[in-house]
Peer 1: 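My questions all concern the structure below.
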Amino acid sequence: MHYWLMKSEPEEVGIDDLQRLGQIGWFGVRNYQARNFMRDVMRVGDGVLFYHSSCPQPGIAGLAEVCSPAYPDPTQFDPESKYFDPKATLEAPRWQQVDVRFVRKTRLLALEALRRDLLLADMQVLQRGNRLSITPVSEAHWRHLQDLLT
DNA sequence: GCCAACGTTGGC
DNA sequence: GCCAACGTTGGC
């Protein structure tokens, strides 16, 4: 069992979209480290902090759960998609995604508040220069965040 | 729109 | 395998 923080731009897919759809494929990851987390480490049932990025109020907006193993991200094959990758083929896909299901919305726990919380100071997502859209979350951080989000 | 930080690419 | 140039992320 692992825990994750996954960033999404709410203009593209926000927590309300996940709630409406119930479940989505986490398409569009184009970073090898983040892909490897999905492919090699994630398991069905892992907990997910759904984070809104690149928006007026960045922060944790809800809880979700990994609900499929990794499989090829279809947008890499679609020339119309902004995530199209000309070097990916059906025989040798490059990019993977997992399905994520909605658990619940939370109050918005703003990035600013995360940074102020000393117990979260060493969260990977808060480290200087971090750009990974998927980062592991320790069990201690997960538990603390559950308390904050209750 | 700026820009710090980091990842990727490609020539050598 | 080095590393300069370039591209991207994402908060501000």
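Chain naming here is simple, since letters A, B, ... match the order of the sequence lines and numbering starts at 1 in each.
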Peer 1: Is a side-chain donor or acceptor of A/Ser8 paired with a backbone partner of A/Val13 at a separation under 3.5 angstrom?
Peer 2: yes

Peer 1: Which heavy atom of A/Met38 sits nearest to which heavy atom of A/Gln96, and what is that distance?
Peer 2: CE-O, 3.0 Å

Peer 1: Taking only the side-chain nitrogens and oxygens of A/Lys7, find out if one of them lies under 4.0 Å from OP1 or OP2 of C/dT9.
Peer 2: no

Peer 1: For DNA chain C, which residues in residues 48-62 of chain A have a heavy atom at a distance below 4.0 Å?
Peer 2: A/Tyr51, A/Ser53, A/Ser54, A/Pro58

Peer 1: Would A/Asp73 and A/Arg35 count as a salt bridge (charged side-chain N to carboxylate O under 4.0 Å, His left out) here? Give the steps.
Peer 2: CA-CA 10 Å; A/Asp73 175 346; A/Arg35 178 204 66 183; over 6 Å; no

Peer 1: Do the ring planes of A/Tyr83 and A/Phe27 sit parallel (below 30°), tilted (30 to 60°) or perpendicular (above 60°)?
Peer 2: perpendicular

Peer 1: Give the rounded distance in Å between these two atoms: CH2 of A/Trp95 and P of C/dT8.
Peer 2: 13 Å

Peer 1: Take A/Arg43 and A/Asp46 through the salt bridge (charged side-chain N to carboxylate O under 4.0 Å, His left out) test and state the conclusion after the steps.
Peer 2: CA-CA 6 Å; A/Arg43 295 292 177 265; A/Asp46 281 0; over 6 Å; no

Peer 1: Among residues 25-35 of chain A, which residues get a heavy atom nearer than 4.0 Å to DNA chain C?
Peer 2: none

Peer 1: Sort me out a list of protein N/O and nucleotides 1-7 of chain C N/O pairs below 3.5 Å, or just none if empty.
Peer 2:
from	atom 1	to	atom 2	distance (Å)
C/dG7	N2	A/Arg131	NH1	3.3

Peer 1: Rounded to whole angstrom units, what separation is found between the CD atom of A/Glu12 and the P atom of C/dT9?
Peer 2: 11 Å

Peer 1: Rounded to the nearest angstrom, tell me the gap between atom CG in A/Asn130 and atom P in C/dC12.
Peer 2: 13 Å

Peer 1: Are there over 12 heavy-atom neighbours, none belonging to A/Arg143, within less than 6.0 Å of that residue's CZ?
Peer 2: no

Peer 1: Parallel, tilted or perpendicular for A/Phe50 and A/Trp26, by the 30°/60° rule?
Peer 2: perpendicular

Peer 1: Is there a donor-acceptor pair under 3.5 Å between the side chain of A/Gln76 and the backbone N or O of A/Arg94?
Peer 2: yes

Peer 1: Could you check whether any side-chain heavy atom of A/Lys105 comes within less than 4.5 Å of a side-chain heavy atom of A/Asp16, counting everything from C-beta outward?
Peer 2: yes

Peer 1: Please check this pair: side chain of A/Asp117 against backbone of A/Leu114, looking for a donor-acceptor N/O pair closer than 3.5 Å.
Peer 2: no

Peer 1: Taking CD from A/Glu9 and P from C/dG11, how many angstroms apart are they, rounded to a whole number?
Peer 2: 9 Å

Peer 1: Could you tell me whether the side chain of A/His52 and the main chain of A/Glu11 form a donor-acceptor pair under 3.5 Å?
Peer 2: no

Peer 1: When the distance from CG of A/Leu108 to C1' of C/dG11 is rounded to whole Å, what number comes out?
Peer 2: 14 Å

